[in-house]
Amino acid sequence: MGVIQTYQLNTEQGLDYLLKALEIRKQNYGEMHPTVANSYNNLGLVYKVEGNYEDALDNYILSLKIRKSTLGEENPSTATVYNNLGVIYRNLHKWDEAIKHHKKALEIRKKLFGENHLEIARTFNSMAKVYLR
């Protein structure tokens, strides 16, 4: 519901729902659970849409920490967070960090999906946006 509200540009309501979901998930699963990581990732999305890149960064970093710990480094969800971090670093004009995170996403996705998967194309697209700044 929170992500839907965000895409409808009702970020305040979306943020409220996502924060409630995060608290419920933490109470039920504890801090280090993939579902909690999903909540942090979704919060990162809302903050990104709002242009609040520092809070987006903080939430994506928390999501990455949990996903690496629970799902491992070579997991599609972990790769997604690396790519999301690259987008935020691009928006913060931290070009080297953006490329570093996109390359990490690309490396994981190539191992998992091969060279011609749509996730590879998405990652190349994200990297291109950094270089075309």
Side-chain angles (χ1 to χ4, degrees):
M1 187 80 149
V3 174
I4 293 168
Q5 291 292 328
T6 297
Y7 281 117
Q8 293 175 345
L9 294 180
N10 187 351
T11 57
E12 185 177 325
Q13 186 67 55
L15 186 59
D16 184 52
Y17 286 138
L18 290 172
L19 289 169
K20 287 177 183 176
L22 173 62
E23 288 310 310
I24 292 168
R25 287 172 170 175
K26 285 168 53 176
Q27 289 171 8
N28 284 276
Y29 298 117
E31 181 73 30
M32 297 301 285
H33 191 276
T35 304
V36 174
N38 292 345
S39 285
Y40 285 123
N41 192 71
N42 291 339
L43 285 164
L45 169 67
V46 173
Y47 290 124
K48 181 187 87 164
V49 168
E50 288 181 337
N52 185 346
Y53 301 127
E54 293 297 334
D55 283 344
L57 183 64
D58 291 343
N59 280 275
Y60 284 142
I61 288 170
L62 286 169
S63 180
L64 181 63
K65 176 184 172 189
I66 296 168
R67 286 181 179 180
K68 284 172 62 175
S69 174
T70 60
L71 302 174
E73 183 78 15
E74 292 182 8
N75 182 280
S77 295
T78 304
T80 296
V81 181
Y82 275 115
N83 201 69
N84 292 346
L85 282 163
V87 170
I88 295 304
Y89 283 121
R90 183 188 79 222
N91 288 326
L92 291 169
H93 299 204
K94 295 182 178 181
W95 315 118
D96 291 340
E97 283 296 311
I99 289 297
K100 179 177 102 175
H101 285 81
H102 288 312
K103 283 184 176 180
K104 187 63 178 176
L106 182 64
E107 173 189 324
I108 295 167
R109 288 172 169 168
K110 280 184 176 181
K111 285 181 184 176
L112 295 173
F113 305 125
E115 296 283 333
N116 292 311
H117 193 274
L118 288 174
E119 289 299 316
I120 303 300
R122 285 188 186 102
T123 309
F124 283 143
N125 189 57
S126 294
M127 293 172 77
K129 289 178 182 179
V130 177
Y131 287 113
L132 296 172
R133 60 180 178 243

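Since this is a predicted model, take the numbers as computed values, not measurements. Scope of the values below: all heavy atoms of this structure, side chains included, with no hydrogens, waters or symmetry mates.
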Please find the pair of heavy atoms, one from Ala56 and one from Gly44, that lie closest to each other, and give the distance.
CB-O, 3.4 Å
Compare all side-chain heavy atoms of Lys48 with those of Ile88 and state whether any distance is below 4.5 angstrom.
yes
Can a donor-acceptor pair be found, under 3.5 Å and without considering hydrogens, that links the side chain of Thr123 to the backbone of Glu119?
yes
Among the clusters formed by ILVMFWY side chains lying less than 4.5 Å apart, do Leu85 and Leu112 turn up in the same one?
yes
The reported gap from CD1 in Ile61 to OH in Tyr40 (rounded to nearest 0.5 angstrom) is 12.5 Å
From Leu57 atom CG to Glu54 atom CD, the distance as rounded to the nearest 0.5 Å:
6.0 Å
Euclidean distance, Leu45 CG relative to Leu18 CG, rounded to 0.5 Å
8.0 Å
CD1 (Ile24) and OG1 (Thr35) are apart, to the nearest 0.5 Å, by 12.5 Å
Step-by-step side-chain hydrogen bond (donor to acceptor under 3.5 Å, both in side chains) determination, His102 to Asn83
CA-CA 5 Å; His102 288 312; Asn83 201 69; 2.9 Å; yes
Can you name the closest pair of heavy atoms from Ala79 and Ala105 and give their distance?
O-CB, 3.4 Å
Give a yes or no on whether the backbone of Val36 and the side-chain of Arg25 come within a donor-acceptor separation of less than 3.5 Å.
no
With clusters defined by side-chain heavy atoms of hydrophobic residues (ILVMFWY) lying less than 4.5 Å apart, directly or transitively, does Leu62 cluster with Leu43?
yes
Heavy-atom count around Asn116 CG within 6.0 Å, excluding the residue itself: above 12?
no
Neighbour count above 12 (heavy atom, 6.0 Å) for Phe113 CZ
yes
Where is the tightest heavy-atom contact between Leu106 and Ile120, given as atom of each residue plus distance?
CD1-CG2, 3.9 Å
Do Asp16 and Gln13 make a side-chain contact, defined as non-hydrogen atoms from C-beta onward lying under 4.5 Å apart?
yes
Considering non-hydrogen atoms only, spot the tightest contact between Ala98 and Gly86 and give its length.
CB-O, 3.4 Å
Is it possible for you to say whether Val87 and Leu64 belong to one hydrophobic cluster, with membership spreading through side-chain heavy-atom contacts below 4.5 Å?
no
OG of Ser126 to CZ of Arg90: how many Å apart, nearest 0.5 Å?
7.0 Å
Check the surroundings of atom NZ in Lys65: do more than 12 heavy atoms from other residues, nucleotides or ligands lie under 6.0 Å from it?
no
Lys/Arg cation over aromatic Trp95: Arg133, 6.0 Å, 45° cone
yes
Run through Arg109, Lys111, Lys103 and flag the one making a salt bridge (Lys or Arg N to Asp or Glu O under 4.0 Å) with Glu107.
Lys111
Note: Met32 and Ile66 closest approach over all heavy atoms is SD-CG1, 3.8 Å
Return the NZ to OH distance between Lys100 and Tyr82, rounded to the nearest 0.5 Å.
8.5 Å
Run the side-chain hydrogen bond (donor to acceptor under 3.5 Å, both in side chains) test on Thr78 and Glu73 for me, step by step, so that the C-alpha distance in whole Å, both residues' side-chain angles and the decisive distance to 0.1 Å come before the verdict.
CA-CA 6 Å; Thr78 304; Glu73 183 78 15; over 6 Å; no
No-hydrogen, no-angle side-chain donor-acceptor test under 3.5 Å, Asn84 and Asn41
yes
Using every non-hydrogen atom in the two residues, find where Val81 and Tyr60 come nearest and quote the distance to one decimal.
CG1-O, 3.3 Å
